[in-house]
J.: 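Before we start, here is the structure in question, set down as C-alpha cells.
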Amino acid sequence: MPEDTLPQVINAQLTDYRTQAGRAAMQAVSSEKAKYYDLIYSGGFLVALALDIELRARTGLMRGLPDMLRAMYAKFGGEGDARYTAHDIALVASETCACDLQQFFTAYVFGANVLPVQQFTHQLGIMLPDDNAPFPARTEPVDSATRRLRAAWLDGWRTSAPQR
C-alpha cells in the first residue's frame, strides 16, 4: 500500500478492531470468523503490523515479518503442506528474532488484551488521530532511529517472495 495512505488504512482497521477488541481471544474464536470478523481480520492485520515492527525493533532492523513468513513456508509449506497452529506461529516468530515473543502472543492472540496499536505505529513515526481528533492522521517529525525503522519496514514489503 502507498505510504501516504498507510495512516488511513491503519486507522480504518483500528476502528473496526475496536468494535470487538477485548471481548475474546483471537485464537479462541478463530473458528467463528463470521461472528468475530472485525476481531479476526482487522485485529489480525494489526497484530501482523505490530509483530513486524516488534521483529524489526528486536533484530536491529535485520529481520521482519517477511522473514518469518519465509521461515513458516520452509517449515510447513511444500509437499504435504503440514498443518500448523497459532502456537507454531508464535514459536517461529520467536525463532525469527532469536527472542521471546511469547508475552506478545499470550496477550494479543491467545488472550483478550487490546493491542496498543498507537504504541507500535509511533515506532514508525505514524500518529493516528485520537478517537475525537479530526482526520486526516499526520506523520510526526521523527528521529533517525524511527526513520530507519520506518524505512526498513516499508522496504521489507517491497522485496519479492520466493516462488512456490
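All values below were derived from every heavy atom in this structure, side-chain atoms included, with hydrogens, water molecules and symmetry-related copies excluded. Worth saying up front: this structure is predicted, and the values here are computed from it rather than measured.
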J.: Give me the ring orientation class for Tyr84 and Phe76: parallel if the planes are under 30° apart, tilted from 30 to 60°, perpendicular past 60°.
T.: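 Correct class here is tilted.
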J.: Kindly indicate whether the side chain of Asp52, heavy atoms from C-beta on, has any atom under 4.5 Å from the side chain of Pro66.
T.: yes
J.: Verify, without hydrogens or angle tests, whether Ser42 (side chain) and Leu14 (backbone) share a donor-acceptor contact under 3.5 angstrom.
T.: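 Such a contact is absent between Ser42 side chain and Leu14 backbone.
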J.: Run the side chain to side chain donor-acceptor pair (under 3.5 Å) test against Gln123 and tell me which residues pass, sequence neighbours left out.
T.: none
J.: Classify the ring geometry between His87 and Phe110 as parallel (under 30°), tilted (30 to 60°) or perpendicular (over 60°).
T.: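 Rings of His87 and Phe110: parallel, under 30°.
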J.: Which distance, rounded to the nearest 0.5 Å, do you find between the CG of Leu115 and the CG of Leu49?
T.: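 The distance works out to 8.0 Å.
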J.: Search all heavy atoms of Ala57 against all heavy atoms of Leu149 and return the closest pair with its distance.
T.: N-CD1, 4.2 Å
J.: Within the structure provided, determine whether Val114 and Tyr17 are in side-chain contact (heavy-atom separation under 4.5 Å).
T.: yes
J.: Taking Val9 as the starting point, is it possible to reach Tyr41 by hopping between hydrophobic residues whose side chains are less than 4.5 Å apart?
T.: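 Yes; tracing contacts between hydrophobic side chains, which count when under 4.5 Å, links both residues.
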J.: Determine whether Leu91 and Met72 fall in the same hydrophobic cluster, where Ile, Leu, Val, Met, Phe, Trp and Tyr are linked whenever their side-chain heavy atoms lie under 4.5 Å apart.
T.: no
J.: Looking at every non-hydrogen atom in both residues, tell me the closest pair between Ser94 and Gln102 and how far apart they are.
T.: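 Taking Ser94 first and Gln102 second, the nearest heavy atoms are OG-N, 4.2 Å.
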J.: Evaluate the criterion side-chain contact (heavy atoms from CB on, under 4.5 Å) for residue pair Phe105 and Val47; output intermediate values, then yes/no.
T.: CA-CA 9 Å; Phe105 280 89; Val47 164; 5.5 Å; no
J.: Quick test of your reading: applying salt bridge (charged side-chain N to carboxylate O under 4.0 Å, His left out), list the pairs with at least one residue in residues 84-102, sequence neighbours left out, ordered by first then second residue.
T.: Lys75-Glu95
J.: Quick one: pull up OG1 in Thr121 and CD1 in Ile53 and give me the separation to the nearest 0.5 Å.
T.: 7.0 Å
J.: Which value, rounded to the nearest 0.5 Å, describes the distance between Thr96 atom OG1 and Arg58 atom CZ?
T.: 12.5 Å
J.: Quick one: pull up CG in Asn11 and CG in Leu6 and give me the separation to the nearest 0.5 Å.
T.: 11.0 Å
J.: In Å, rounded to the nearest 0.5 Å, how long is the span from CG of Leu55 to SG of Cys99?
T.: 6.5 Å
J.: Output a table of donor-acceptor pairs, distance under 3.5 Å, between side-chain atoms of residues 24-40 and any protein atom two or more places apart or on a different chain; print 'none' if there are none.
T.:
from, atom 1, to, atom 2, distance (Å)
Ser30, OG, Gln27, O, 3.1
Lys33, NZ, Ser30, O, 2.6
Asp38, OD2, Thr19, OG1, 3.2

J.: Working to the nearest 0.5 angstrom, can you tell me the gap between Ile89 CD1 and Leu51 CG?
T.: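 That separation rounds to 9.5 Å.
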